[in-house]
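Everything below concerns the one structure shown next.
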Amino acid sequence: MNTFMALSKKEVTQMTKEFKIVWLPIVFILLGLTQPIMMYYMPVILQSMGGVEGIMIDPTMAKPDGSEVLASTLSSQFDQLGIIILAVATMGIIQGEKANGMMAFILTRPVSISSYLNSKIIVHYIVAVFCIALGYGMSYGYTSYLFTTVPVMQGLLALALYCVWLLFVITFVAMMSTFFNSSAFIALVSIVVLFICRFIAGLHPFLDVVNPASNSLHATTILMSGGMKAWYGIHIAVTMFLVIWMIATMHHFIAKKKF
Amino acid sequence: MRLEINKITKRFKHKTAVNSFSMVVDANECVGLIGPNGAGKSTLIQIIADILYADEGEILLDGQQISTMKHQIGYLPQYPNFFSWMTAFETLSFMGTLSGLSKNELQDEIPLLLEKVGLEKEAHFQVGTFSGGMKQRLGIAQALLHKPALMIMDEPVSALDPIGRREVLNLLKEIKKETTILLSTHILSDAEEICERFVVIQNGHKIEDATKDQLLERHQESAIYVEIRQEDFKWVTMVEQLSYVKKIENERNGFKIHVLHLEEDAQRLLQYALDSNVILLKFEMGIQESLEEIFLELVV
């Protein structure tokens, strides 16, 4: 436990020295702001870009509901640009220390591989949750101001479900970072796989059970309809199982010194 | 602490780096692992430090698997690498915490240790600004911090300038009084200064394991070195005809006479010199090679 605390503290200090703890929240705040503001000014933007002549019935021109705006913050900002930024910010989590020999050096001490891995994943996860929550909070505020107010409980529940998907994202990038040595490759593979997961979410109910991205889909459903989709408990359980399995795989990989 | 290495084999894709290597290091012994570049020294050291995974064999420290005894081991890598944003003090405090030292212990120990390795002025400088020698000394400090019973060092002095090397060697001499030391090097004179025992490794095989004296004795040539007056030089051509003389070489101011059996032939040669009224200016039995020459002879 003592070594876990020491490693976590080191991880936080390192993120501070690299200013990651500053720019990552700022990026997510901007991402959160973009969606409500863009949707609010969409008619003006379209007008200035050429406008519409004649009579046209366009459902998107109608002023959307606040819950729709908040849901699209999750699905079109955080799940696209957000994932790319998180993958790039996290790609060096293990690869960096693997490359300069610090990981092997730290493990010559009486430090268990689990406390090494857990300290990294937990600290990065907490920072990611913090950033997403900030961006989401910003989006929530602007949505209530410019559109309609979403019930607070619905908003929090959606955020909680989104954080389950976020845990998978961080763990997956960490696993890629353990396996591969090129940071560009790690980011590429992570982004491609996570995007595929997100795109196939909702295609088929059975596929959704094993797809962690279905948690993100649940989050948007709650915001849009107010109710939970069926099977959400199973989806969370399966995602947690996948996360534990990935950590076990990383543990095995490092224990066998395949890096 | 007694370190036992049992039949360690490590294969990489294209070559076997360490091949069925066994040795025992007793408590408070200082052993130098010597070999040319690429002999498998670093691989072996890294297996002992539990960084690499041995394909076969096991390593025991006091009868326990070495992976469960990490708090007893101090390890110095060949190129010690630290987080460049940490200061020397923070580095030691971080590594010490990982080894399970308490905050109070660290507060007391670190200044003493930094003074010992000569970094007390740089305690609050960032490691990123350190020179190679300073990093090496910080590496030694972190290996000593938790007072390990076994120190494993991979080329501790190879990358240092003569001054830094002298400082580190003096430091090691002090440490070895209470610690078992295993160090690897390809520079013999360094190992000669601190270690009593040498293990020579080549192509992953152990080819020699002996104390300094044994090594010198084992590689003694059965040759006799004589110096005689100029006017007696023709006596040498007569010596060459003797049945027990293998060959004679000119060396320095005298002759190196290779014989079959050192002790009895020396006696016979002495007698022969007396009989032929030759005055011996110098008579030396068993010419010793330097460790450097023995090393070259072993590995080339």
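Proteins come first, then strands; the chains are lettered A, B, ... in the order of their sequence lines, and each starts at number 1. Computed from a prediction, not measured in an experiment: that's the story for all the values here.
- Between chain A and the residues Y53(B), Y79(B), W85(B), the most heavy-atom pairs under 4.5 angstrom are made by W85(B).
- Note on M69(B), H146(B), H71(B), Q142(B): by heavy-atom pairs under 4.5 Å with chain A, the leading option is Q142(B).
- For the 3.5 Å distance criterion, the side chains of Q95(A) and S183(A) fail to qualify, holding no donor opposite an acceptor.
- Contact of K17(A) with chain B is made through the side chain alone, with heavy-atom distances under 4.5 Å.
- Ring geometry for F105(A) against Y75(B) counts as perpendicular: the plane angle is over 60°, on a 0 to 90° scale with 30° as the lower cut.
- Inspection of the K10(A) and Q14(A) side chains reveals an N or O donor paired with an N or O acceptor under 3.5 Å.
- Between the side chains of D50(B) and S67(B), no donor-acceptor pair is found at a separation under 3.5 Å.
- Neither the backbone nor the side chain of Q72(B) comes within contact range of chain A; no heavy atoms are under 4.5 Å apart.
- Interface remark: I73(B) contributes no atoms to any contact with chain A (heavy atom separation under 4.5 Å).
- Other residues, nucleotides and ligands place no more than 12 heavy atoms under 6.0 Å from the NZ atom of K7(B).
- Both the backbone and the side chain of M95(B) come within contact range of chain A, judged by heavy atoms closer than 4.5 Å.
- Heavy-atom distances place the backbone of A143(B), and not its side chain, under 4.5 Å from chain A.
- Residues Q126(B) and T129(B) have side chains that never bring a donor and an acceptor to within less than 3.5 angstrom of each other.
- The most heavy-atom pairs under 4.5 Å with chain A, out of T97(B), N81(B), T68(B), come from N81(B).
- Contact count against chain A (heavy-atom pairs under 4.5 Å) is highest for F83(B) among F83(B), F94(B), F82(B).
- Side-chain polar atoms of D79(A) and S216(A) form a donor-acceptor pair below 3.5 angstrom.
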